[in-house]
A.B. asks: 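I am attaching a structure below and will ask some questions about it afterwards.
Labels below follow one simple rule: chain letters A, B, ... track the order of the sequence lines, proteins then strands, and each chain is numbered from 1.
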Amino acid sequence: MAEIVNLRDAVASLIHDGDVVALEGFTHLIPFAAAHEVIRQKRRDLTLVRMTPDLIYDQLIGAGCARRLIFSWGGNPGVGSLHRFRDAVEHDWPRPLEVEEHSHADMANAYVAGAANLPFAVFRGYAGSDLPRYNDRIRPVSCPFTGEVLTAVPSLRPDVTVIHAQRADRKGNVLIRGILGVQKEAVLAARRALVTVEEIVDDLKADPNACLLPHWVVSAVCVAPRGAHPSYAYGYYERDNRFYQAWDTIARTRESFQTWLDENVLKEQAA
Amino acid sequence: MAEIVNLRDAVASLIHDGDVVALEGFTHLIPFAAAHEVIRQKRRDLTLVRMTPDLIYDQLIGAGCARRLIFSWGGNPGVGSLHRFRDAVEHDWPRPLEVEEHSHADMANAYVAGAANLPFAVFRGYAGSDLPRYNDRIRPVSCPFTGEVLTAVPSLRPDVTVIHAQRADRKGNVLIRGILGVQKEAVLAARRALVTVEEIVDDLKADPNACLLPHWVVSAVCVAPRGAHPSYAYGYYERDNRFYQAWDTIARTRESFQTWLDENVLKEQAA
Amino acid sequence: MTRLTTEIAYTTTEMMTVAAARRLMDRAVCFVGIGLPSTAANLARLTHAPAIVLIYESGPIGAKPGVLPLSIGDGELADTADTVVSTAEIFRYWLQGERIDVGFLGAAQVDRFGNINTTVIGPYEHPVVRLPGAGGAPEIAGLAKEVLIVLEQSKRTFVAKVDFITSAGYLNGGEDRARLKLPGKGPVAIITDLCIMEPEPVSNEFVVTNLHAGITRARVEEATGWKIRFAEGMKETPEPTDRELSVLRDLHQRTAVAHGRAD
Amino acid sequence: MTRLTTEIAYTTTEMMTVAAARRLMDRAVCFVGIGLPSTAANLARLTHAPAIVLIYESGPIGAKPGVLPLSIGDGELADTADTVVSTAEIFRYWLQGERIDVGFLGAAQVDRFGNINTTVIGPYEHPVVRLPGAGGAPEIAGLAKEVLIVLEQSKRTFVAKVDFITSAGYLNGGEDRARLKLPGKGPVAIITDLCIMEPEPVSNEFVVTNLHAGITRARVEEATGWKIRFAEGMKETPEPTDRELSVLRDLHQRTAVAHGRAD
């Protein structure tokens, strides 16, 4: 049963130090508002899971929330590097960051296996790649019928998955529209799910086959208008491409990042 | 690239004697018109695949098209037995029928694995059931990480999948709405795909996340209004429940079945 | 067979349906098969369990049909569901995902340990009667947190040992099922037109725990293919209330009209 | 660097984009990454390949963006696609399903056998430079029927041996890749701002098969980290046509306006 609560209470009750947390959204509907609340509540030692740790994880990593990162592509899309991510990996600042690295196909399959309550996923992956040499969680598995050897990875089962969606109804049924990414699988694979939405409506007016999460698989729904900014919410607002470009400068030095964080995330704590 | 052709030519060119053919549709959008054309063209020795071989397979089996049946539930939903199916299994009439039997979860997973181009599917199935004893295509598989033993089945890869859908556009993009069953997976798992539709439209007016099959994965699209009757087409016509009840009498004896077939399927050949 | 209550007569099938409906808690997530399970689940939804979540294997999640579906995939289910997903997703994310509280199963044969046969009567290779087969039952039996079995009781259907185990109950009884370490408890009740049976602690053999009003022990014994036992402290099943009966009959009436037939 | 044609000047990046676009056949199903691959694929769609099918890993199938996406999941892709599926489905049913004709890949490093590094410069445990990582590339490299690699050429990026094989080309050359029995042929061309390289038969070492108009062999040698060879019968890449250039520049112009920035 999804409770409709405020974001501060939802983060306080659902996300704990040391949790495995997936904040998903594939360039669309990235849950920035929730991530900022996690930073304000000073969560520590999180294992952050995300296919594309872009600005949202650069911020969480730079703010010192993360101990470990499970990911498949870490960059500022169309712009360049994630400087806070690189500073953590290359110089242990603000703290060392363990990295567990996969491919997109691997992580997408691992979320599907998690949603399906299977311990592992089977796919055709990594042929000729060096990655399996450095990641013991990528192993061979043989077909019991043909003997063909395929790739297996453990399923992803986060303690908490956090996503942003366009709308929820008053019961807490959640509607996602447009680019879907892996959000549905990430929610169903997790023990708890926190969903921020642009608005609560009386009637979702959803197509029968729309991507809808029933209220009883969601732990909490929070209203967070523009909660995906600087990413976008299809049907609500556009991607703020200028901010993605500006981030390259903001995150380049520890000082400029800290200043930005103080002014744009932490000071809201007072509010 | 989907060609828009007439049903007779599509069946003649895509379905051959001895093929493995899946006609899917889970109580909704069952491709009866296409099945009747298969009967008229006197296809033989087909391996028929379908989760729920209801009236449509009772007709194909009674007409002598099938050599083998791969299925998970064979009945007349809400009414009773499939008399032609039982006559074939119990008395080899009109010819012996080999039966390969699975559960719904098994076949649904096997179609998914087929669509994903994997040789096998992994799921949690058949605990304590006698079925695996009689089906060598149900085997154990161990998780490479936890050692847990799960169930594996070979993926389903039909030579041809046949489905009925509401609409296609002029390029041959196909829209399915309402109860989706396993049609999308069955089409993507197959080498060839034949789709009958209620109508061709200029614009599908589909939601971005609707269940749509791109024209380039469909071999042929045929216009067959009421092509799912006596099942239904969501948004077009209702299920003909009276016919399902009448079928119990029609199919009960070989003679009454043959009479029905002559008058309702075969004589259309002249037309 | 019908009998007279203070106000209105009801049939044993109505008693069975009402008894099954009463087992469903509000807010339970219920995996519903067609026929009597669907009738009972919707009766529960229209009486004491308005927030029950009905999932049908064809894809509808949260269906609230105004009339009973004759098939597992009627349009009425798509129209009234919160969402409709693929059949593969139902079995992968929702049943295997361990999100089902109660699974409803029927049977052609059920035995004293709650094992279900819907495959064959007689030997598998040369069946005397070829039954419809497994459908979703083997995985519902293993993965739903609880299973309710509902069917009319007779010596033919209630047998000491099923010819074929399609879907597992407690297998040979005792700890036999526990060894499989399944997420699902197994069948917690068999609800018939005569009584309610529940597994006896330790042995996991089904014994009568509720006798429907006006049914005798002798009648149950005649209709059971093994030496059925009656639990200490066995109760009488309360008769259907006026409300339960009127809601159930309205539902059937609406259904008959909608499906263009007399039930 | 720009040079003067009979009518208009063009940049080497424009030459690279046009050369990449020309490799795409009409009706090809193309798995498109962000940046130059997306630009080239859309240039092809707007010129000689109107029926090309563009698939982006975020989910859009058959996208026809009017302006170039800055991210792999821009709303413009959802608006113009035939359908939008989940990212998991893209990798499972569409890429692994062997439905992709051409996969476009960029690289931080590429070597003489077309192996790609997008993971680290230096040792994996203590990288000198931490790169973005694999993304979709390892499976695109293995499963797309053909791969095109597109990147600007320099001694830093074109190395004899990559520090880390993120995505396989021909590995150590010769039959090394063939032993993996992959559905995909591997990289059939590397398209740069200076030339087009293709794998030499038997050795599968990349050699220059097309030199862009006005580029000297010396210039290519200076920009390559191994002793690059030039194929017999090497051709000159035809310069961009006026149409190719005007369509490409209109596309960039529309994009700049839509994204609220000057490119």
A.B. asks: Hey, is the main chain of D/Gly133 close enough, under 3.5 Å, to the side chain of D/Thr118 for a donor-acceptor pair?
C.D. replies: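 Yes, the answer is positive, given that a donor and an acceptor are paired below the 3.5 Å cut-off.
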
A.B. asks: Taking D/Arg179, D/Lys181, D/Glu139 one by one, which has the highest count of heavy-atom pairs under 4.5 Å against chain A?
C.D. replies: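 Top count of heavy-atom pairs under 4.5 Å with chain A: D/Glu139.
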
A.B. asks: With no hydrogens and no angle check, is any side-chain donor or acceptor of A/Tyr57 less than 3.5 Å from a backbone partner on A/Ala66?
C.D. replies: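 Not at all, since once roles are kept as given, no pair shorter than 3.5 Å links the two residues.
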
A.B. asks: Please determine if A/Glu98 and A/Arg67 form a salt bridge, counting it only when a charged side-chain N lies under 4.0 Å from a carboxylate O.
C.D. replies: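 Salt bridge: yes.
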
A.B. asks: Which bit of A/Phe71 comes within less than 4.5 Å of chain D, counting heavy atoms only: side chain, backbone, both or neither?
C.D. replies: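 Contact with chain D: side chain only.
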
A.B. asks: So that I can tick it off, tell me whether D/Arg254 and D/Asp250 are bridged by a salt bridge, with the cut-off set at under 4.0 angstrom between side-chain N and carboxylate O.
C.D. replies: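 No, this pair does not count.
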
A.B. asks: Flag the pair A/Phe26 / A/His104 as yes when their ring centroid distance falls below 6.0 Å, and as no otherwise.
C.D. replies: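 Ring centroids of A/Phe26 and A/His104 are less than 6.0 Å from each other.
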
A.B. asks: Heavy-atom distances under 4.5 Å only: say whether D/Asp79 touches chain A with side chain, backbone, both or neither.
C.D. replies: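 For D/Asp79, backbone and side chain are both near chain A.
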
A.B. asks: Heavy-atom pairs under 4.5 Å with chain D: which of A/Val182, A/Asp240, A/Leu131 has the most?
C.D. replies: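 Option with the greatest count: A/Leu131.
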
A.B. asks: Between A/Pro53, A/Gly80, A/Ala127, which has the largest tally of heavy atom pairs under 4.5 Å with chain D?
C.D. replies: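 Ranked by contacts with chain D, first place is A/Ala127.
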
A.B. asks: Identify which of A/Trp73, A/Tyr126, A/Tyr111 forms the greatest number of heavy-atom pairs closer than 4.5 Å to chain D.
C.D. replies: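 Top option by heavy-atom pairs under 4.5 Å: A/Trp73.
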
A.B. asks: Among A/Leu82, A/Val112, A/Val99, A/Asn76, who wins on heavy-atom pairs under 4.5 Å with chain D?
C.D. replies: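 Answer, by heavy-atom pair count under 4.5 Å with chain D: A/Val112.
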
A.B. asks: Quick one: what part of A/Tyr232 sits under 4.5 Å from any heavy atom of chain D, side chain, backbone, both or neither?
C.D. replies: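 Side chain only.
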
A.B. asks: Who among A/Ser103, A/Gly78, A/Gly178, A/Ala108 has the most heavy-atom pairs with chain D under 4.5 Å?
C.D. replies: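 Option with the top pair count is A/Ser103.
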
A.B. asks: What part of A/Met51 gets within 4.5 angstrom of chain D, counting heavy atoms only: side chain, backbone, both, or neither?
C.D. replies: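 Only the side chain of A/Met51 comes within 4.5 Å of chain D.
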
A.B. asks: Examine whether an atom of A/Tyr234 lies under 4.5 Å from a heavy atom of chain D, and if so say whether it belongs to the side chain, the backbone or both; otherwise answer neither.
C.D. replies: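 Only the side chain of A/Tyr234 comes within 4.5 Å of chain D.
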
A.B. asks: Tell me which of these, D/Gly75, D/Pro60, D/Gly59, D/Pro138, has more heavy-atom pairs under 4.5 Å with chain A than the rest.
C.D. replies: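 Max contact count across the listed options: D/Gly75.
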
A.B. asks: Would you say A/Ser155's side chain and A/Ala110's backbone share a donor-acceptor pair under 3.5 angstrom?
C.D. replies: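 No.
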
A.B. asks: Counting only non-hydrogen atoms closer than 4.5 Å, does A/Ser81 touch chain D with its backbone (N, CA, C, O), its side chain (CB onward), both, or neither?
C.D. replies: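 Interface part for A/Ser81: neither.
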
A.B. asks: Does NZ or CZ of D/Arg130 fall inside the cone over A/Phe85's six-membered ring, less than 6.0 Å from its centre and within 45° of the axis?
C.D. replies: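 Not satisfied by the 6.0 Å and 45° rule.
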
A.B. asks: Please determine whether a side-chain nitrogen of the Lys or Arg among A/Arg239 and D/Glu76 lies less than 4.0 Å from a carboxylate oxygen of the Asp or Glu.
C.D. replies: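 Salt bridge absent between A/Arg239 and D/Glu76.
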
A.B. asks: What part of D/Asp74 lies closer than 4.5 angstrom to a heavy atom of chain A: side chain, backbone, both or neither?
C.D. replies: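 Contact with chain A involves both backbone and side-chain atoms of D/Asp74.
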
A.B. asks: Can you check whether D/Ile116's main-chain N or O pairs, donor with acceptor, with D/Ser167's side chain at less than 3.5 Å?
C.D. replies: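 Here the side-chain-to-backbone pair does not exist.
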
A.B. asks: Contact part of D/Glu125 toward chain A, heavy-atom cut-off under 4.5 Å: side chain, backbone, both or neither?
C.D. replies: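 Side chain of D/Glu125 only, per the 4.5 Å heavy-atom cut-off to chain A.
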
A.B. asks: When only pairs under 4.5 Å are counted, which of D/Val129, D/Asn115, D/Asp176, D/Ile140 shares the most heavy-atom pairs with chain A?
C.D. replies: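 Top count of heavy-atom pairs under 4.5 Å with chain A: D/Val129.
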
A.B. asks: Can you tell me if A/Arg157 uses its side chain to pair, donor with acceptor, with the backbone of A/Ala190 under 3.5 Å?
C.D. replies: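 Not confirmed, A/Arg157 side chain does not pair with A/Ala190 backbone.
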
